[in-house]
Amino acid sequence: MSVDKFITLESSYVPLPVENVDTDQIIPARFLKATSREGFGENLFRDWRYAPDGSENADFVLNKSEYSGQILVGGKNFGSGSSREHAAWAIHDYGFKVVVSSFFADIFQNNALNNGVLPVTVSPEFLNDMFKSVEADKSQKLVVDLEKQTISLNGKSEEFVINPYKKNCLLNGFDDIDFLLNRKEKIEAFEAKN
Amino acid sequence: MEPKTLFDKVWDAHVVEKIDGGPSVFYIDKHLVHEVTSPQAFSGLEARGLKVLRPENTIATPDHNIPTENQHLTIKDELSRKQVETLTANCEKNNITLYGLNTPHNGIVHVVGPELGHTQPGMTLVCGDSHTSTHGAFGAVAFGIGTSEVEMVLATQCILQPKPKKMLITIDGELQKGVSAKDLTLYVISQLGTGGATGYFVEYAGSAVSSLSMEGRMTVCNMSIEMGARGGMIAPDQTTFDYVEGREFAPKGDEWTKAVAKWKELKTDEGAKFDKEYTFKASDIEPMLTYGTNPGMGIGISGSIPNEKDIEPTELMSFKKSLDYMGFDLGDKMLGKKIDYVFVGSCTNGRIEDLRVFAAAVKGKQKADSVTAWIVPGSKQVEKQAIKEGLVEILEEAGFKMRQPGCSACLAMNDDKVPAGKYSVSTSNRNFEGRQGPGARTLLASPLTAAAAAITGVISDPRELF
């Protein structure tokens with residue numbers, strides 16, 4: 001699967017100021033029964049988004065039409081728990097291209113990057129500014145520039161860190177399997193030696 | 001030569017190539033596969049026209065999605081059945097050993113790997129499951145991966161990984177009576193928090209760790225991910241060698257002698273540096289219980305839920321949201337709270353020692369009428385052993401029934417779901433919202449604490465009962 005190219009994005013954003021959002025919340029286990037990668041967006045945050053009878057939970061941010069955009073801003077320790085890549089698929093399928101938090105769980109971060117979703121780690125203060133700004137103005141925008149590795153809110157910017165290899169993959173839409181397949185001789189040489 | 005940690009030794013020996021400014025091409029010795037996180041990887045492989053590079057280093061077992069009753073019948077849930085059938089078809093097509101449903105070695109992938117001797121010291125193991133950290137108990141580097149990475153390993157036997165930082169957690173002293181490996185790990189997680197080891201690979205050391213059995217060590221390493229760690233590992237020693245020796249896929253004869261000599265080198269050199277170190281005293285650890293919706297929210301069973309003044313102001317909102325979900329209040333005492341379900345099983349505590357502890361505790365007593373209990377062995381081998389040892393009769397006399405193996409109510413993908421609003425004392429690894437079924441409220445504990453709750457119908461201190 002080739003990933004989408006990512007360069008810059010200017011978008012309004014959806015705030016989810018909850019800490020430790022685990023991948024069981026992002027996509028509950030009972031929706032992991034598919035054998036394809038498509039359609040998981042429907043059940044993104046299923047048990048927060050819908051009541052047990054299937055009706056929409058009006059208090060949940062994805063059900064508030066005033067919030068929209070391709071950026072999801074979550075609380076500290078986003079994506080903890082299960083390694084299910086379905087969480088990244090659901091976020092991607094729903095239409096988010098960037099997830100912002102002050103801290104990400106490792107496996108989620110890898111899974112997001114492998115699906116062309118950019119995880120952006122910001123300082124706790126900046127994260128707090130984002131939550132406050134969007135309460136004041138729901139159409140508030142964020143600008144994410146992958147080339148420069150910056151994220152900006154109201155003219156205030158922070159740099160973020162991304163592995164140079166992964167950055168190159170996202171900028172060009174490359175994926176890891178192509179990279180590894182090109183290393184076949186080295187891998188076989190390693191096997192022969194060990 | 002620079003002193004190395006145990007982790008460095010195993011990691012460095014598996015780096016095929018270091019990429020400038022990037023991750024390493026990292027070689028995987030053993031790839032474990034299950035039905036839920038692999039179908040998209042196999043179809044990705046097929047779309048590229050590729051074959052599995054090393055089927056001989058890959059094993060598969062359906063576990064997440066399977067029923068724990070009537071396994072001889074066709075799986076009723078259509079989607080579950082399709083996933084299990086897809087795994088079978090993918091294994092047949094690619095010559096991968098499959099421990100299928102209704103075969104003698106089926107079970108939870110992290111129980112099956114060690115019991116068959118697939119898991120060995122010094123190896124690298126991955127699986128599309130975060131509890132792959134279990135295998136670190138053998139001095140292996142083992143961690144969970146996503147499905148794109150499963151595809152990478154199927155295609156090239158490698159993944160691209162940056163080297164994590166290193167953490168040492170030392171627990172010295174002797175565990176008190178009634179305190180087990182599960183309590184030890186829940187205690188450490190409660191101290192570090194659910195993201196406290198994110199970015200790190202943990203080595204567990206100290207006399208409280210080395211005195212654990214292999215199964216206890218697996219419980220500790222299994223839960224490493226619950227504090228965010230990439231994995232956890234313990235240096236192999238005689239306990240490890242005794243466990244591995246004679247198992248089906250363990251080295252035999254001269255190969256065994258050579259292997260043990262090599263494995264004995266797998267320990268952290270004196271003076272080797274860690275990026276972070278923590279030390280705890282075993283004597284500080286009580287039987288543990290979680291009260292919230294992440295595994296870091298744990299306390300000693302005789303304790304109380306923290307009060308507002310004990311919580312960081314920035315964390316208060318999430319903390320209260322969690323207590324609301326659980327139906328608990330700030331400052332509540334846990335002892336005496338009514339519970340509805342007990343689940344004994346999972347890759348954390350579904351091994352024979354766990355069933356022995358539970359059975360010994362409930363022997364001659366009766367399950368509380370108000371409690372529904374699910375006792376689920378981790379594998380067919382565990383089930384067979386439990387029957388052989390007479391544990392099943394003990395359980396039945398006490399009002400319990402043993403089900404068939406699988407992941408079961410740990411993640412409730414099958415029918416083993418705790419109803420909304422009900423309290424479940426569970427020996428599994430996660431108490432996230434809805435983990436055991438939509439609206440279910442999970443309290444993580446050891447098999448012994450689960451036994452105490454099952455007998456009394458309320459949260460009870462096992463030290464006072466058994």
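Lettering of chains follows the sequences in order, A, B, ..., and the numbering in each one begins at 1.
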Legend entry - For A/G81 against B/R430, the heavy-atom pair lying closest together: C-NH2, 3.1 Å
Inset, instruction - Could you look at A/Q109 and say if it's the side chain, the backbone, both or neither that has a heavy atom under 4.5 Å from chain B? - result: neither
Legend entry - Side-chain heavy atoms of A/I107 within contact of B/I225, under 4.5 Å: yes
Legend entry - Any residue of residues 94-105 of chain A which, by heavy atoms, sits under 4.5 Å from chain B: A/F103, A/F104, A/A105
Legend entry - A/N114 vs B/M152 side-chain heavy atoms within contact, under 4.5 Å: yes
Legend entry - Contact summary for B/S43 and A/T35, nearest pair of heavy atoms: OG-O, 4.4 Å
Inset, instruction - Tabulate, in ascending numerical order, the residues of residues 6-29 of chain A having at least one heavy atom closer than 4.5 Å to a heavy atom of chain B, or enter 'none'. - result: A/P17, A/V18, A/E19, A/N20, A/D22, A/D24, A/Q25, A/A29
Inset, instruction - Would you indicate whether the side-chain heavy atoms of B/E17 and A/I187 approach each other to under 4.5 Å? - result: no
Inset, instruction - May I ask you to test the A/L181-B/T156 pair for a side-chain heavy-atom distance under 4.5 Å? - result: yes
Legend entry - Per-residue contacts, residues 155-163 of chain A versus chain B, heavy atoms under 4.5 Å: A/N163
Inset, instruction - Spell out the residues in residues 125-134 of chain B that have some non-hydrogen atom less than 4.5 Å away from a non-hydrogen atom of chain A, in order of number; otherwise answer 'none'. - result: B/G128, B/D129, B/S130
Inset, instruction - Report yes or no: do B/Q40 and A/W89 form a side-chain donor-acceptor pair below 3.5 Å? - result: no
Inset, instruction - State plainly whether the residues B/E315 and A/K76 are in salt-bridge range, i.e. N to O under 4.0 Å. - result: yes
Inset, instruction - May I ask you to test the B/R54-A/E191 pair for a side-chain heavy-atom distance under 4.5 Å? - result: yes
Inset, instruction - Answer whether the closest heavy-atom distance between the side chains of B/P438 and A/R30 falls below 4.5 Å. - result: yes
Inset, instruction - State plainly whether the residues B/R48 and A/D175 are in salt-bridge range, i.e. N to O under 4.0 Å. - result: yes
